[in-house]
*Asks:* 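Questions regarding the structure given below will be posed in turn.
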Amino acid sequence: MSGIAASAPSRAVSADRHAPTANRVALIASALAALIAVTTLLRLAPDVRLWLAATDGEPAALAHILLFDLSLPRVLAALVAGGCLGVSGALFQALTRNPLASPDLLGITGGAQLGLLAAMLVPALAGVASVPLLFCCGLAAAACVVAAAGWRATPLRLVLAGSVCMLLFSAISTMVLAFFEQSITGAALWSSGSLYQPGADGLKIAMAWLLLPLAGLPLVIRPLNPFVLGDDAAAAAGVRIDATRLGAIVVAVAFASVAVSIAGPLSYVGLIAPNLLRQMRGAKASKLGVLVPLSALVGGALVLVTDSAVLALDLDATLSTGVAIALVGTPLMLAMIRSGAAWSGGLGSGQEHPMNATGSRAVRWLVTLPAPLIAIGLLLLGGTVLFAGASLGSRLIDPAAWLAALNRSDEVSRMLLDLRLPRLLCALLAGALLAASGVLMQSIVRNPLAGPEVLGVTQGAGLATFIVLIAWPLANHTTLAMAALAGGAVTLALTLLLNRRHRYAPMAVALTGLVLGTLWTTLSQWLITQQSVQPARFVVWLVGGTYGRSWGEVRTLLPWCLLAVPVCALLAKPLDLLALGDEQAAALGLPVGVLRPLVLSVATLAACAAVAAVGPVGFIGLMAPHLAMMLGARNHRTRLWLAAACGALLLALADIAARTLLAPREIPAGVLTALIGAPYLLGLLIMQVRREKQGGR
């Protein structure tokens with residue numbers, strides 16, 4: 001009896017401690033429910049009044065259609081899509097113990113886009129089967145990211161794996177659209193996020209499929225709670241680790257699939273909703289059973305309020321809900337990144353190191369050669385690639401035909417060379433610039449993710465150039481170069497400005513670039529839906545390529561490459577000193593405060609010059625520096641020229657393959673670089689995860 005009496009006060013104290021938390025959670029839930037209710041009433045009130053006022057005949061039928069077939073289903077679509085994404089994000093973050101896990105960053109929405117294209121091209125897959133199809137594609141995408149990053153990935157590695165998968169799925173989708181132009185506008189509309197795409201009947205079907213993940217949700221929430229303490233503690237509590245992981249990921253992907261089938265990929269909702277709650281007192285310390293419903297309310301409220309604002313401002317005809325959410329979500333994401341509170345200290349932790357090897361004997365021998373000999377060797381290699389690449393095609397140009405073309409006695413061969421040589425030269429020069437830009441960015445930010453693609457520089461340059469092409473289709477190369485420079489410079493300036501507080505921490509810089517790049521890509525896709533003329537041209541341009549490039553682009557790129565040679569040579573030694581650390585570099589007399597913005601400016605100039613000529617080609621600036629490191633480049637002098645050579649060769653090979661593989665059709669070179677680069681980087685990540693498991697880390 002005394003033991004029972006002694007335990008009674010402790011239970012009372014525990015109840016007193018939990019009471020304020022429960023009250024705050026109830027207050028948050030009530031506020032969110034009130035916001036949803038008020039917004040819904042304001043949205044439906046005009047149509048309800050019209051429906052009540054109409055008695056019979058045609059006015060009553062019209063009022064019934066407006067309320068029950070248009071307004072009410074759209075409100076329900078916003079709540080269901082936002083709520084499902086919020087639940088999916090909360091489950092993924094609990095499963096991986098990673099605040100960055102979400103349907104977007106795990107590539108699920110990118111995988112679902114492939115399912116959408118399959119449904120568009122094979123009508124039998126649409127309709128009732130649409131949600132299961134998206135579920136299978138999303139589950140495959142999540143499996144790729146988990147295999148590459150591991151279950152306990154650092155935030156930095158998760159961003160890398162998710163970014164690689166998203167770029168890969170986008171490249172595959174673009175390649176499919178290039179061959180099925182009739183589906184471009186619909187796919188672009190879906191990709192930019194648009195509510196009520198399936199109509200009232202499609203919404204009913206999606207909500208019927210929603211019953212399955214709802215039934216499985218209580219079964220995964222309870223065993224997921226101990227995961228916060230680690231796998232060992234969860235196993236000690238009797239949780240079946242593997243079964244819980246599999247069940248949670250299936251349920252989370254199912255929720256995301258329902259949302260995507262209704263509204264397309266609404267960026268940031270699954271990421272923002274749980275992280276906003278973690279900054280609120282009460283919800284921050286709540287268990288998953290409380291956090292998941294609250295995340296659903298936050299996600300539903302975010303989508304509903306944003307969609308209501310689009311309708312209230314009469315922008316529905318031009319601005320999709322997905323674009324509006326991106327415009328609203330981007331400032332929220334950037335503010336959360338800048339504050340650092342949302343990521344639980346992950347901004348400066350989990351730093352990844354470049355995946356390198358001991359290097360080959362050939363590279364170690366090349367490093368000992370004098371610089372003039374290396375330059376001559378690179379020129380000879382470039383000449384060989386030019387000769388071989390220009391000779392290949394539907395009509396093979398042999399050495400005799402080359403001589404005849406140069407003597408103007410074979411006009412057909414001369415015409416083919418005039419078509420093949422400039423685009424191949426553009427590929428070599430642009431690939432070298434993108435690779436050098438990637439080396440400079442990775443070195444100055446000390447972040448293996450700091451390529452021009454991941455930092456959003458190429459997407460910003462591409463969007464600016466895209467806008468100029470729409471407004472002025474006959475713009476010259478100088479105008480396009482200036483537009484690309486402006487777009488890339490704005491992106492870089494925003495990234496640096498927002499991350500000065502964190503001293504350019506790898507996680508903060510990578511995530512800021514990813515957020516900005518996603519916004520620029522969303523705006524580009526939205527612009528495509530507004531164009532009734534040549535949408536295929538714009539879709540293909542957004543992934544980059546060398547098709548139709550002429551000597552004008554070569555003349556634009558050549559001065560940048562010639563200027564980059566001495567600039568990179570001068571920056572090599574300061575970058576070696578900076579690798580020792582800011583304090584040691586400053587002690588050796590290096591002006592660190594001047595060097596960092598100078599190098600980033602040079603890197604941005606190089607990337608933007610390449611984008612102006614060949615479009616936002618992906619993976620060259622990210623993959624070539626890693627290749628140089630794997631080949632044994634130890635200092636920046638070697639790494640710069642070796643990465644430039646690798647980048648030039650990769651893009652040149654992509655150009656040749658794009659022109660010859662499916663001739664007379666052509667695959668965009670940017671698609672091929674993604675198809676080559678993404679599996680390569682994913683393979684490196686998977687091997688690194690396996691090595692860490694074998695090493696017991």
Side-chain angles (χ1 to χ4, degrees), residues 18-49 67-68 70-94 102-103 195-196 203-204 206-207 210-211 213-215 217-218 220-222 225 251-252 255-256 258-259 262-263 266 268-312 321 324-325 328-329 332 336 342:
H18 288 294
T21 299
N23 292 336
R24 284 191 290 267
V25 168
L27 182 61
I28 293 171
S30 301
L32 290 170
L35 176 62
I36 291 173
V38 171
T39 307
T40 301
L41 288 175
L42 292 176
R43 282 278 297 271
L44 299 180
D47 292 325
V48 170
R49 286 196 297 267
L67 178 59
F68 294 102
L70 294 177
S71 298
L72 183 59
R74 180 158 179 166
V75 169
L76 290 176
L79 293 174
V80 172
C84 286
L85 289 174
V87 171
S88 180
L91 290 177
F92 277 126
Q93 290 170 21
S102 68
L195 281 176
Y196 198 59
L203 179 62
K204 293 177 183 177
M207 293 181 69
L210 182 60
L211 296 176
L214 282 174
L217 185 60
V220 300
I221 284 182
R222 185 173 180 180
N225 279 316
V251 171
F255 274 108
V258 171
I262 294 173
L266 300 177
Y268 306 128
V269 176
L271 184 61
I272 288 177
N275 282 294
L276 275 179
L277 289 172
R278 290 191 181 96
Q279 298 186 70
M280 300 180 185
R281 293 184 62 189
K284 182 177 181 180
S286 299
K287 290 186 177 181
L288 203 58
V290 175
L291 185 63
V292 166
L294 287 179
S295 297
L297 288 175
V298 173
L302 178 62
V303 177
L304 179 62
V305 171
T306 304
D307 185 56
S308 301
V310 170
L311 293 175
T321 305
I325 289 176
V328 172
L332 284 175
M336 293 164 69

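Nothing fancy with the numbering, it's 1 onward along the sequence. For the numbers below, each heavy atom of this structure counts, side chains included, while hydrogens, waters and symmetry mates do not.
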*Asks:* Quick one: pull up CG in L79 and CG in L302 and give me the separation to the nearest 0.5 Å.
*Replies:*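 Between atom CG of L79 and atom CG of L302 there are 11.5 Å.
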*Asks:* Which pair of heavy atoms, one from S295 and one from P274, lies closest together, and at what distance?
*Replies:*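 Reported closest heavy-atom pair: OG-CA, 3.8 Å.
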*Asks:* Using only atom types and a distance under 3.5 Å, with no angle test, would you say the side chain of S88 pairs donor to acceptor with the backbone of A252?
*Replies:*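 Side chain of S88 to backbone of A252: a pair is present.
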*Asks:* Can you tell me how far apart CG (L72) and CG (D47) are? Round to the nearest 0.5 Å.
*Replies:* 9.5 Å
*Asks:* Checking the side chain of D307 only, and the main-chain atoms of V75 only, is there a donor and an acceptor separated by less than 3.5 Å?
*Replies:* no
*Asks:* Can you tell me how far CG of L277 sits from CG of L294, rounded to the nearest 0.5 angstrom?
*Replies:*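 Rounded to the nearest 0.5 Å, the CG-CG separation comes to 5.5 Å.
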*Asks:* Minimum heavy-atom separation for F68 to P73, with atom names?
*Replies:* O-CG, 3.2 Å
*Asks:* Going from CD1 on I28 to CG on L297, what distance comes out if it is rounded to the nearest 0.5 angstrom?
*Replies:*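 Spacing of CD1 (I28) from CG (L297) equals 10.5 Å.
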*Asks:* Considering non-hydrogen atoms only, spot the tightest contact between I262 and A206 and give its length.
*Replies:* CG1-CB, 3.7 Å
*Asks:* Under the side chain to side chain contact (heavy atoms under 4.5 Å, CB included) criterion, do L210 and C84 qualify, and how do the steps go?
*Replies:* CA-CA 9 Å; L210 182 60; C84 286; 3.5 Å; yes
*Asks:* So which heavy atom on S308 is nearest to which on T39, and how close?
*Replies:*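 What the structure gives for the nearest pair is OG-CG2, 3.3 Å.
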*Asks:* Give the minimum heavy-atom separation between G299 and V269, together with the two atoms involved.
*Replies:*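 Taking every non-hydrogen atom into account, CA-CG1, 3.9 Å.
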*Asks:* Knowing that exactly one of L44, L304, L203, L311 qualifies, which makes a side-chain contact (heavy atoms from CB on, under 4.5 Å) with R74?
*Replies:* L311
*Asks:* Quick check for you: to the nearest 0.5 Å, what is the distance between I272 atom CD1 and L85 atom CG?
*Replies:*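 Reported value, rounded in 0.5 Å steps: 11.0 Å.
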*Asks:* Could you walk me through whether Q93 and L271 satisfy the side chain to side chain contact (heavy atoms under 4.5 Å, CB included) test, starting with their C-alpha distance in whole Å, then the side-chain angles of each, then the deciding distance to 0.1 Å, before giving a yes or no?
*Replies:* CA-CA 9 Å; Q93 290 170 21; L271 184 61; 4.1 Å; yes
*Asks:* To the nearest 0.5 Å, tell me how far R49 CZ sits from L67 CG.
*Replies:* 12.0 Å
*Asks:* To check you understand the geometry: which heavy-atom pair defines the closest contact between A81 and L266, and what is its length?
*Replies:*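 Closest approach of A81 to L266, heavy atoms only: CB-CD1, 4.3 Å.
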